> 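First, the structure itself, so that you have it in front of you.
Just so you know, these numbers come straight off a predicted model, no measurement behind them. Labels below follow one simple rule: chain letters A, B, ... track the order of the sequence lines, proteins then strands, and each chain is numbered from 1.
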There are 2 protein chains.
Amino acid sequence: MVSIADVAKKAHVSKMTVSRVLNHPEQVSTEISDTVQRAINELGYVQQRAGRALATSRTYTIAFVMLDEVSNVDPYFGQLITYVSDFLYQEGYNLELHRSLDDHFHDIDGILVSGARATDKAKLNALTFPIVAYGNQSEFASVDVDNKLGTMLAKQHLIMCGYQHLIYLGIDLNEQFVVERLNGFKAIETPDYMTETIYQLPNSDKEARQLFNSITLPPLTGVVAASDRLALGTLYSCYDKRLAVPNDVGIVGFDGIFINHLSPLDLTTIGQPLQKIAQKMVQTLLSAISSNHQNIRQSVIPPTLLQGETTTKLAD
Amino acid sequence: MVSIADVAKKAHVSKMTVSRVLNHPEQVSTEISDTVQRAINELGYVQQRAGRALATSRTYTIAFVMLDEVSNVDPYFGQLITYVSDFLYQEGYNLELHRSLDDHFHDIDGILVSGARATDKAKLNALTFPIVAYGNQSEFASVDVDNKLGTMLAKQHLIMCGYQHLIYLGIDLNEQFVVERLNGFKAIETPDYMTETIYQLPNSDKEARQLFNSITLPPLTGVVAASDRLALGTLYSCYDKRLAVPNDVGIVGFDGIFINHLSPLDLTTIGQPLQKIAQKMVQTLLSAISSNHQNIRQSVIPPTLLQGETTTKLAD
DNA sequence: TTGTACGCGTTATCAC
DNA sequence: GTGATAACGCGTACAA
């Protein structure tokens, strides 16, 4: 195990100089810096976390708290955790995965949380670590996709395509992102020639399918679904009823992770830029950790419309 | 930050005694042990990894190397990593997520790897850490679902249900698990009255759908698919062709993670016991780490048949 | 610009 | 059965 002392000896300098080359390069003359760098390379030295952790009383470990039920949630989790882990690793941090806010948190520098509901706020407030949430959380720093913009893009797209009637299929939850998605839909003006209906359901393809099977769709209906799961249920119902997608019915989902490609037709959907979200979460958290003060700021990342096979520009 | 010294002072003993209470309780008298325990509880002391790491020259960090493309793979990854992380955490270990064997591994105690192909063996051999793989790897310790048993169960199930013709839809890859699944199918004798056909495809629902759309199925065909993704494509083709599932065609998938529930009909499938797999992987790795010698052993976990809506006991 | 001395929390060694 | 001491690798305060 090659340590900083080995490098120091090889470069004929003190340990401190080596440490400075690593942490405060500007304080070291270029000449010595070069010598030290060469020694580092030749010996294959890599900084050990334990020593640094002990000296700085930082653990270089971040807890990622996944509150959604992994087996039920849209499979964004695997992607998000992967990106988060990548960015953390680049900064020399480790990841510790938790699935409950009741865990005993210690030996960490900060917390990333995903899937926090309004009811979790008390527990989050009780924690003394810097926190960054995925999803709008007014009391904490958070990063979220621009949910409102997403459904605005979706509705606009359906109007442009030439669908004649609009349905918004929302989620039946009292959560911020749900409200925002609905707001986005409402924010785009519905042309006079179109009708518009709004439904709210649990986020389940089976529920969506059942709903659509129980109602009659006007010709050329365009559906804005608040999730790909709901969009999938909508599509299934169209199959059940022998309605042609995208020519009789147009469907736009929301999320753009996995489900949209697994569907019998690729879903047109609003894609969440998970990589950018992960990056922003890590950036925000690490800067809160090093600046030692929570900057309660909500960052919002714009989504993009991913064209699939469930919408098309209709002939006049 | 309450340290071992604080506990020692409060319990009127030396730091060493506290350390022994934590690590070698048998060397401490019950009386003193109780006193120390009380002090620990009252102060809310928790052992800090950094110090322990430094003293033991272990990092208490495990690298999990995910070689499958997260965005493409069946979403078992989120589940597996969650379980693995849980078990590691219980043992005081941290998780570090990697996605390539070309990363520079250091500052870790061992490696868990998922999705390793035959072509990765050289790189794995070059690593000096204890390694446990998910999926059969003859040269390393590995944990895998009993793939052969899985397809045996699937075929047996279709025969019992009363389907008259069998199709095995395999994966077109030269990998151990693929071979095993095919072997399982072959291991169950096909009754004289049944025909049997074998296909091999890339693991893609679209490919499976296309294949089935291009062939004519005998009545009462039972399909054993080597993955839920292939099963899904098979089901889509049945929809395309207006064949009734499960009455005209029976389908059994393999994996039982997410996709089976997202399908228009819940898939009958062979469920991978991911929690048990994760547990075994962690157990095996940690014991290799503490015993300091790789025990190259292949563990195999039996899967179970999950009854869904794509098979049914047919009337005679 | 560079070096010395010390401390971070824990455990191993060795003495008692 | 228990305690004193040194050691692990690194960074900071301070001195030169």
> To the nearest 0.5 angstrom, please state how far the CG atom of A/Asn94 sits from the OG1 atom of B/Thr61.
4.5 Å
> Would you kindly say whether A/Thr59 and A/Asp109 are connected by a side-chain donor-acceptor distance under 3.5 Å?
yes
> Could you tell me whether the side chains of A/Asn203 and A/Ser227 share a donor-acceptor contact shorter than 3.5 Å?
yes
> Which nucleotides of nucleotides 6-16 of chain C have their base under 4.0 Å from a protein heavy atom (B), which only their sugar-phosphate (S), and which neither (-), written as one string 5' to 3'?
-BBBBBB----
> To the nearest Å, how far apart are B/Lys9 NZ and D/dA4 C1'?
17 Å
> State, without any angle test, whether A/Glu139 and A/Asn125 hold a side-chain donor-acceptor pair at a distance under 3.5 Å.
yes
> Whole angstrom is fine here: how far is it from CD in A/Gln27 over to P in D/dC14?
15 Å
> Once you measure the plane-to-plane angle for B/Phe77 and B/Phe64, does it fall in the parallel (<30°), tilted (30-60°) or perpendicular (>60°) bin?
tilted
> Please state how far atom CZ in B/Arg58 lies from atom P in D/dA7, giving the value in whole angstrom units.
22 Å
> Atom OH of A/Tyr60 and atom P of D/dG9: how far apart are they, to the nearest Å?
17 Å
> Just how far, in rounded Å, is C1' of C/dT2 from NE2 of A/His12?
16 Å
> Charged N to carboxylate O below 4.0 Å: is that the case for B/Glu96 and A/Arg49?
yes
> Ignoring backbone atoms, establish whether B/Thr17 has a side-chain N or O less than 4.0 Å from OP1 or OP2 of D/dG3.
yes
